[in-house]
Amino acid sequence: MQRLAPALRDDDVPLDLISLIKTILAATKEISFRVSQAQLGGLMGSTLDENIQGEIQKKLDVVANELFKDIVLESGFVKAISSEEEDTSVAGDENGKFLVSFDPLDGSSNIDINSLIGTIFSIHEAIPEMAADSPDQFKQAGHKQVCAGYVLYGPSTMLVMTTGKGTHFYVLDRTHGGYLLVERNVQVPKDTREFAINMSNQRFWEAPMQNYIADLVAGDAGPRGEYFNMRWIAAMVGDIHRVLSRGGIFTYPADNKNPDKPYKLRLMYEANPMSFLIEQAGGLAMTSKGRIMDIAPTDIHQRVEVIMGSANEVEKCLSYYK
Ligand code: AFP
């Protein structure tokens, strides 16, 4: 099995980007260890603080954020970071070549039940003429990402990453402490009989999503004439990993549960990196209005509608919006 750096060199990834990726992965190895020790180390449960999005932070959210932020900012490669757990961007090295957006621990509600969680990251090139402390430098579309990935803290710690030359799976080998390539050029099957959506929001969705899901749930008695299975992990890392592994459609549609917050998932550190991974694996990553990676961001913590996964099924879902 190939080690990480040679695998990246095979994809012609520039050396400074390889160095940054190795720095990020050093942070994830430390987070993986802290996650495995959380109960023993008194790191379960919540803090008394809210993040900028009004969500109560878990103790592990805070630890993972500090670890990731400090290691990445100290590397010298990074001009600024933005994180789900930070109010605004944080400046790094004025000459740093890259911007890193991340969700230090996605799936926080799974922490206390010892279920799937992960770290998501997205890398853009820095804009030389913008100051390191300007949040505006993060307002770059997803198609400008130079790397995206996630690390899933599951039964094995897995890295899934793309630098624009396919999506590859790696596993953390604790015997030598590095990530080993286990599957190159993963492909999302075009067709699927599996969907992922939080069904408890059903009555709040727009009519097209109501109709699409109703047809899936109707199974072989409905217009699709086939049985569809449903899965929901409540951690995008887990749900997208399943889609990348065996196909499926994953959606967090618009809803009117809270009129001030029609979307749940965050563009910069959830939807964009996952879109890059899904598209590089032959899938589609859309909103009901267009490609996620073509959205011009207006805010670091912007939220967005997400419909992604097996290409034919995403097209089918979008046909209900026409
Ligand atoms: P956190 O980033 O706060 O952990 O939230 C996880 C998440 O944004 C995403 O990973 C899940 O798909 C989604 O929330 C789960 O949402 P529900 O609470 O509706 O199940």
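Residues satisfying the salt bridge (Lys or Arg N to Asp or Glu O under 4.0 Å) criterion with D70, sequence neighbours excluded, are absent altogether. Here A126 pairs with K79, L99 under the side-chain contact (heavy atoms from CB on, under 4.5 Å) rule; sequence neighbours left out. For D103, there are no salt bridge (Lys or Arg N to Asp or Glu O under 4.0 Å) partners, not counting sequence neighbours. For E315, there are no salt bridge (Lys or Arg N to Asp or Glu O under 4.0 Å) partners, not counting sequence neighbours. Take E305 and apply the salt bridge (Lys or Arg N to Asp or Glu O under 4.0 Å) test, not counting sequence neighbours, and it matches no residue.
Atom OG of residue S32 and atom CD1 of residue I117 lie 9.0 Å apart, to the nearest 0.5 angstrom. Note: S108 OG to L60 CG = 9.0 Å, rounded to the nearest 0.5 Å. Rounding to the nearest 0.5 angstrom, the gap separating the CD1 atom in I31 from the CD1 atom in I24 is 10.5 Å. In this structure, CD1 on I233 lies 8.0 Å from CG on L152, to the nearest 0.5 angstrom. I249 contributes atom CD1, which lies 8.0 Å from atom OG of S310 (distance to the nearest 0.5 angstrom).
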Working note: L181 + V171, criterion side-chain contact (heavy atoms from CB on, under 4.5 Å); need CA distance, chi angles, decisive distance, verdict. CA-CA 7 Å; L181 181 66; V171 169; over 6 Å; no

Give the C-alpha distance, both sets of side-chain angles, the deciding distance and a yes or no for side-chain contact (heavy atoms from CB on, under 4.5 Å) between T167 and V160. CA-CA 7 Å; T167 293; V160 177; 3.7 Å; yes

CA sep, side-chain torsions, deciding dist, call: E279, T162, side-chain contact (heavy atoms from CB on, under 4.5 Å): CA-CA 10 Å; E279 285 196 9; T162 182; over 6 Å; no

Take V146 and T163 through the test side-chain contact (heavy atoms from CB on, under 4.5 Å) and record every step on the way to the result. CA-CA 6 Å; V146 292; T163 54; over 6 Å; no

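Applying the ring-ring contact (aromatic ring centres under 6.0 Å, His included) rule to pairs touching residues 54-107 yields F68-F102, sequence neighbours excluded. Under the ring-ring contact (aromatic ring centres under 6.0 Å, His included) criterion, the residue pairs touching residues 106-159 are Y150-H241, with sequence neighbours excluded. Applying the ring-ring contact (aromatic ring centres under 6.0 Å, His included) rule to pairs touching residues 16-58 yields nothing, sequence neighbours excluded.
Considering only heavy atoms from C-beta on, K58 stays 4.5 Å or farther from L105 through its side chain. Contact check for P14 versus D16: side-chain heavy atoms found under the 4.5 Å cut-off. For the pair Y252 and N201, the minimum side-chain heavy-atom distance is below 4.5 Å. S89 is listed as a side-chain neighbour of I300, based on a closest heavy-atom distance under 4.5 Å. For the pair E194/R231, a side-chain contact is recorded, criterion being any heavy-atom separation below 4.5 Å from C-beta on. No side-chain heavy atom of T287 sits under 4.5 Å from any side-chain heavy atom of V306. The shortest side-chain heavy-atom distance between N185 and Q280 does not fall under the 4.5 Å cut-off. Side-chain contact between M308 and M286 is absent, with no heavy-atom pair separated by less than 4.5 Å.
Side-chain atoms of T192 come within 3.5 Å of backbone atoms of G248 as a donor-acceptor pair (strictly under, hydrogens ignored). With hydrogens and angles disregarded, a donor-acceptor distance shorter than 3.5 Å links the side chain of T23 to the backbone of S19. Using a distance-only test at 3.5 Å, with no hydrogens or angles considered, no donor-acceptor pair links the side chain of D173 to the main chain of L180. Between the side chain of E30 and the backbone N or O of L67 there is no donor-acceptor pair closer than 3.5 Å. The backbone N or O of S82 lies less than 3.5 Å from no partner atom in the side chain of E86, so there is not a single donor-acceptor pair. Counting only distance, with no hydrogens or angles, the side chain of S75 and the backbone of V72 share a donor-acceptor pair below 3.5 Å.
Clustering of Ile, Leu, Val, Met, Phe, Trp and Tyr by side-chain heavy atoms under 4.5 Å joins M130 with I127. With side-chain heavy atoms closer than 4.5 Å counting as contact, directly or through intermediates, V62 stands alone and belongs to no larger hydrophobic cluster.
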Determine all donor-acceptor pairs shorter than 3.5 Å in which one atom belongs to a side chain in residues 265-276; sequence neighbours excluded.
{"unit_1": "R266", "atom_1": "NE", "unit_2": "K264", "atom_2": "O", "d": "3.4"}
{"unit_1": "R266", "atom_1": "NE", "unit_2": "E270", "atom_2": "OE1", "d": "3.1"}
{"unit_1": "R266", "atom_1": "NH1", "unit_2": "Q53", "atom_2": "OE1", "d": "2.9"}
{"unit_1": "R266", "atom_1": "NH1", "unit_2": "E55", "atom_2": "OE2", "d": "3.4"}
{"unit_1": "R266", "atom_1": "NH1", "unit_2": "E84", "atom_2": "OE2", "d": "3.2"}
{"unit_1": "R266", "atom_1": "NH2", "unit_2": "E84", "atom_2": "OE2", "d": "3.2"}
{"unit_1": "Y269", "atom_1": "OH", "unit_2": "Q53", "atom_2": "NE2", "d": "2.9"}
{"unit_1": "Y269", "atom_1": "OH", "unit_2": "H301", "atom_2": "ND1", "d": "2.7"}
{"unit_1": "E270", "atom_1": "OE1", "unit_2": "R266", "atom_2": "N", "d": "2.8"}
{"unit_1": "S275", "atom_1": "OG", "unit_2": "A271", "atom_2": "O", "d": "2.6"}

May I have the list of side-chain donor-acceptor pairs in residues 5-12 shorter than 3.5 Å, sequence neighbours left out?
{"unit_1": "D10", "atom_1": "OD2", "unit_2": "Q2", "atom_2": "NE2", "d": "2.9"}
{"unit_1": "D11", "atom_1": "OD1", "unit_2": "R184", "atom_2": "NH1", "d": "3.1"}
{"unit_1": "D11", "atom_1": "OD2", "unit_2": "H168", "atom_2": "NE2", "d": "2.9"}

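Hydrophobic clustering places L284 together with L277 (ILVMFWY residues linked when any side-chain heavy atoms are closer than 4.5 Å, directly or through intermediates). Residues Y263 and Y321 do not share a hydrophobic cluster, clusters being chains of Ile/Leu/Val/Met/Phe/Trp/Tyr side chains in contact below 4.5 Å. There is no path of hydrophobic side-chain contacts, each under 4.5 Å, that joins M293 to M161. Hydrophobic clustering (ILVMFWY, side-chain heavy atoms < 4.5 Å, transitive): V304 and I197 are in one cluster. Under the 4.5 Å side-chain contact rule for hydrophobic residues, Y170 and L25 share a cluster.
Between K261 and D255, none of the side-chain N atoms (NZ, or NE/NH1/NH2) sits under 4.0 Å from a carboxylate O, so this pair counts as no salt bridge. Salt bridge absent: D215 and R224 never bring a charged side-chain N and a carboxylate O closer than 4.0 Å. A salt bridge between E313 and K316 is absent, with no side-chain N of the basic residue lying under 4.0 Å from a carboxylate O of the acidic one. Between D294 and R291 there is a salt bridge, since a side-chain N of the basic residue sits under 4.0 Å from a carboxylate O of the acidic one. A salt bridge does not link K144 to E125: none of the charged nitrogens lies less than 4.0 Å from a carboxylate oxygen.
Under 3.5 Å, the side chains of T119 and T28 contain no donor-acceptor pair of N or O atoms. No hydrogens or angles considered: a donor-acceptor pair under 3.5 Å links the side chains of Q57 and E85. Side chains of S101 and S122: a donor-acceptor N/O pair is absent below 3.5 angstrom, by distance only.
The two residues R242 and A196 come nearest to each other via the heavy atoms NH2-CB, 3.3 Å.
For Y212 and Y320, the gap between ring centers is short of 6.0 Å. Residues F250 and W232 place their aromatic rings such that the two centres sit under 6.0 Å apart.
K29 NZ: more than 12 foreign heavy atoms inside a 6.0 Å radius.
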